[in-house]
Amino acid sequence: MTTTIMWFRQDLRLADNAAFAEAARRGPVVPVFILDQTNADVRTPGAASRWWLHHALSALSERLGGLVLLRGDPAQMLPALAREIGAEAILWNRCYEPGAVKRDAAIKAGLAGGGIQARSFNGALLHEPWEIRTGGGGPFKVYTPFWRAARALPIAAPVRAVKFELARLPESDRLASWGLTPRSPNWAAGWEHLWTPGEAGAARRLKKFLSDGLRGYPENRDRPAIDGTSRLSPHLHWGEISPRQIWAATQSAVEREPELARDAEKFLSEIGWREFAHHLLFHFPAAAQKNWRASFDAYPWRDAPADLKAWQRGLTGYPLVDAGMRELWATGYMHNRVRMVAASFLTKHLRIDWRKGEAWFWDTLLDADMANNVAGWQWVAGSGADAAPYFRIFNPAEQARKFDPDFAYVRKWVPELDTPAYPRPMVEHAEARRAALAGYEKVRAAGG
Ligand code: FAD
């Protein structure tokens, strides 16, 4: 029986965790999480995400009966830890952000050179990004054929939670010393009533969604006033639940009630968008920072800090945009329909670079996820793979009438709506649209 290090990263669960199951099978386990703030290639989680991480680590540690917390460069800390405790192997589940891919490959090579076995597993996706290929053998750039190809492959059943033995654990940081949660001001006050980070909270969320939310999901998911989506996104980002578990549980729900098949198909197709976003980021890593379509480098973005601030604070004078930005600040979450409208407003009405919006979302979203966030922003901005056609510019007032017809969502977040305290629209829609299209002419001239 040899001791194995289980390196937890974005897979903060025990069930359906391939790396953890293998570590437990081998013998005593030393579970470790490393806060990697030294590596310039690896993006540090934003403020909201750090709040989640704090609670997720606390939940994981409780479930395991102990978790070693270290802060620093994993490339140095992992071999040192292995030497200290005499571990022969280090196991982990793969991440797909470009910086993590690069870092992990270097760590693997370094460990092998030092005689320590290093093995990685799939813990975050239905299929690895390299398992899905076009007829020509390359990556997909369009969602519909991607998802068709993904659906045609068998999906492995989740790995059951395993019995494990915890080894004697070496010294660990105290979680509180990491300062992941805000103090003064505590902008996350009350969030513990809205969210339950951790594996048990994720399982409860899925169960509740499948029993109360799946029926009617295709229609309800577009109505921000309705609690019509799963809100599993932060749990998925930190791997407190896996897409395979979601897949299996959704299939079981349909077996019990076959009339839910259409609703389930739509829900799983959203999990498919997550898969597609990870597929894109893995195959086109430069798109994390650069326009996926290079012609968008010619777009004349405005440098307008005051306008950016008005958008961030929900003071644009467009109620649906403002409601979304305030929901985001107050709860760490924004409804998907409203994300699209708010992102469109920033990039098209204000002509501010999508990267500025992406950075704000990164800092304020509890579900901030590089693959999904970049894909979402580039899709809305028009610069992405399989993006919305540029000329289809959302009219925020029309979107509000269509998706929040009785203004329940808008009134909840913008209570001063009908009073003189509410600002006038900062730009006029038709004028903004004309200016956005004029800017797009430069993109067209650069190749479209
Ligand atoms: P549900 O409708 O219940 O969907 C189930 C799951 O499918 C989600 O939890 C999510 O993992 C996945 N999913 C759903 N829609 C999408 C989508 N469009 N793209 C990729 N995956 C999707 N999602 C994030 O997880 N992190 C982000 O940082 C993020 N940034 C976004 C930025 C913009 C500009 C836009 C337009 C969308 C962004 N999304 C992001 C996608 C989407 O808005 C959220 O995943 C969704 O709102 C989460 O709520 P839910 O879990 O209730 O979704």
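Starting from 1, each residue takes its place in the sequence as its number. Every number for a ligand or one of its atoms is a count from 1 in the order of the listing. If you're wondering where the values come from, they're calculated on a predicted model, not measured in any experiment. Quick note: numbers below take in every heavy atom, side chains included, and nothing from hydrogens, waters or symmetry partners.
Looking at residues two or more places apart in sequence or on another chain, you find no side chain to side chain donor-acceptor pair (under 3.5 Å) involving H127. With sequence neighbours excluded, no residue satisfies salt bridge (charged side-chain N to carboxylate O under 4.0 Å, His left out) with D303. Annotation: salt bridge (charged side-chain N to carboxylate O under 4.0 Å, His left out) contacts of R444 (sequence neighbours excluded): E441.
At a cut-off of 3.5 Å, with distance as the only test, a side-chain donor of Q378 or S383 sits close to an acceptor on the other residue. Looking only at atom types and distance, the side chain of W354 has a donor-acceptor partner in the side chain of N291 under 3.5 Å away.
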Stepwise, does the side chain to side chain contact (heavy atoms under 4.5 Å, CB included) test hold for T134 with K141? CA-CA 9 Å; T134 62; K141 299 171 185 169; over 6 Å; no
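Listed as neighbours of ligand 1 are Y217, T229, S230, R231, L232, S233, L236, F267, E270, I271, W273, R274, Y333, N336, R339, M340, A343, F361, L365, D367, A368, D369, N372, N373, G376, W377, each bearing a heavy atom under 4.0 Å from the ligand.
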